[in-house]
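Quick notes on the structure that follows.
First the proteins, then the strands, lettered A, B, ... as listed; each starts at 1. This one's a predicted model, so the numbers in the text were calculated from it and none came from an experiment.
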Number of protein chains: 2
Amino acid sequence: MSDTKTRILDAAEQLFGRNGFESTSLRAITTEAQVNLAAVNYHFQSKDALIDAVLERRIGPVTRRRLEMLDVAEADPAGLTLEKVIEAFAAPVVEAAMGQPGLAPLMGRIMATPGAFLERVFLRYMEAVKSRFLPALLRSGVRLPPEELFWRLHFMVGSLAHVLVFAPVMPAMSNGLCQLNDGRAIVNRLVAFCAAGMRAPVEQMEKEA
Amino acid sequence: MSDTKTRILDAAEQLFGRNGFESTSLRAITTEAQVNLAAVNYHFQSKDALIDAVLERRIGPVTRRRLEMLDVAEADPAGLTLEKVIEAFAAPVVEAAMGQPGLAPLMGRIMATPGAFLERVFLRYMEAVKSRFLPALLRSGVRLPPEELFWRLHFMVGSLAHVLVFAPVMPAMSNGLCQLNDGRAIVNRLVAFCAAGMRAPVEQMEKEA
DNA sequence: GTTTAATTGAAACATACGTATGAGTGACAC
DNA sequence: GTGTCACTCATACGTATGTTTCAATTAAAC
């Protein structure tokens, strides 16, 4: 039982997050991991399979924790609040990102990368989340037309994704104003912002000629 | 005056948006543009310079239009509203994306592209925007601690970016529920969501031991 | 019409990539 | 010991990339 596999996963996670999937070469990964180049094709079969493995290792637990937190919130006899639903969506990924430096940009990149790759990954991991959280939002008291609800969920996901994508540069970008050491505080801010957005009155559409 | 340069820019914009910057080869671009391979290194000096040119052609006008709309809003004797500020930020890029199919994914790409590149682009185009919109938010009546204000602006940008990133797949992802033909409607939704988020009461932080 | 500069063309350059190969190494079973 | 197995290693293969070269072509200037 060698930790070569783990070292490859760790290095790949770090470099994928920093430089993207396409621009990270297997040679860069194996150099960083201090492992032979062929090891990656031995333990995984290809670069694509390695990418899948890297994602599975991190997104799997986050998805499970999301659904778990939602279960707890829904079981609360005090009732399901909008804030609890949003927190169940945001907290697991933010907390995971805090504990694992280099994970945030990776998560962010997944959420911000369109195209074939996204469809493969996003549908695999996010379909379950979407199909559970959309009804939960309704059950928490949000009263919106389906279209409006979907757009606002979209905005919410965008806010979260942006936080993750820019996590590495956020302190510098804000001239030190915004730090990332306190994940709870970030989640709280995000929850407050998105809950208010979700509760915004629906814009009346003017008829067009 | 040949349009070779323009044809290269058009093809590059399309392919960069669809497949990303790194994964788009100059050969793919020149083939699509029906132009000789060497033309790209003749008219531009390198692939990096081509990327810069592609971005400048589209982001430049959007940035100018943003500041222009903010000028108009600030000159309004009726006073500067939060909604007007957010609209000045969101409308130009959404409208540009509507008029120029293939632009939205390109904008999205920028957000999803790593470290050094993003910092180069983001700082060049967004610094001016940030330094104008942050004060404008304050002047529009938003009363928030600086740190909270910055985070919420960050969330807002994230919502907008996400809309652009996922523009090509949004109809499919929502099972046809959310369409993109009406840019104004999207901007209105975004403004309503973000304005409410900006006005959310500030979460009181509990002291930690 | 001739000269000059700007542009395009086909081909080659060196380099980097993902992948495959086969020899080598260590541990453990019998 | 002698296999056997999982693993690691150095190296090579084929291909694709960004860039360069220099001749061919076109367009403008005088």
Between atom [atom1] in [X] and atom [atom2] in [N], what is the gap in whole Å?
X     : N     : atom1 : atom2 : answer
B/N36 : C/dG9 : CG    : P     : 5 Å
A/R7  : D/dC7 : CZ    : C1'   : 13 Å
A/D3  : D/dC7 : CG    : P     : 12 Å
B/Y42 : C/dT7 : OH    : P     : 4 Å
B/I8  : C/dT8 : CD1   : C1'   : 11 Å
B/F44 : C/dT7 : CZ    : C1'   : 14 Å

In plain terms, say whether [X] and [Y] are close enough for a salt bridge, that is, a side-chain N and a carboxylate O under 4.0 Å apart.
X     : Y      : value
A/E74 : A/R132 : yes
A/E87 : A/R184 : yes
B/E68 : B/R64  : no

Base, backbone or nothing for each nucleotide of nucleotides 17-22 of chain D, written B, S, -, heavy atoms under 4.0 angstrom, 5' to 3'? BBBBB-
If the plane angle is over 60° it's perpendicular, under 30° parallel, otherwise tilted; pick one for B/F166 and B/H162. tilted
Only distances under 3.5 Å count here; give the side-chain donor-acceptor pairs of residues 122-129 of chain B to other protein atoms, sequence neighbours excluded, each with its distance to 0.1 Å.
residue, atom, partner, partner atom, Å
B/Y125, OH, B/E56, N, 3.4
B/Y125, OH, B/E56, OE1, 2.7

Any side-chain N or O of B/H43 less than 4.0 Å from the OP1 or OP2 oxygen of C/dA6? no
Is the phosphate of D/dC7 approached by A/T4 (side-chain N or O, under 4.0 Å from OP1 or OP2)? no
I need the minimum non-hydrogen distance between A/P171 and A/P168, along with the two atoms involved. CD-O, 4.2 Å
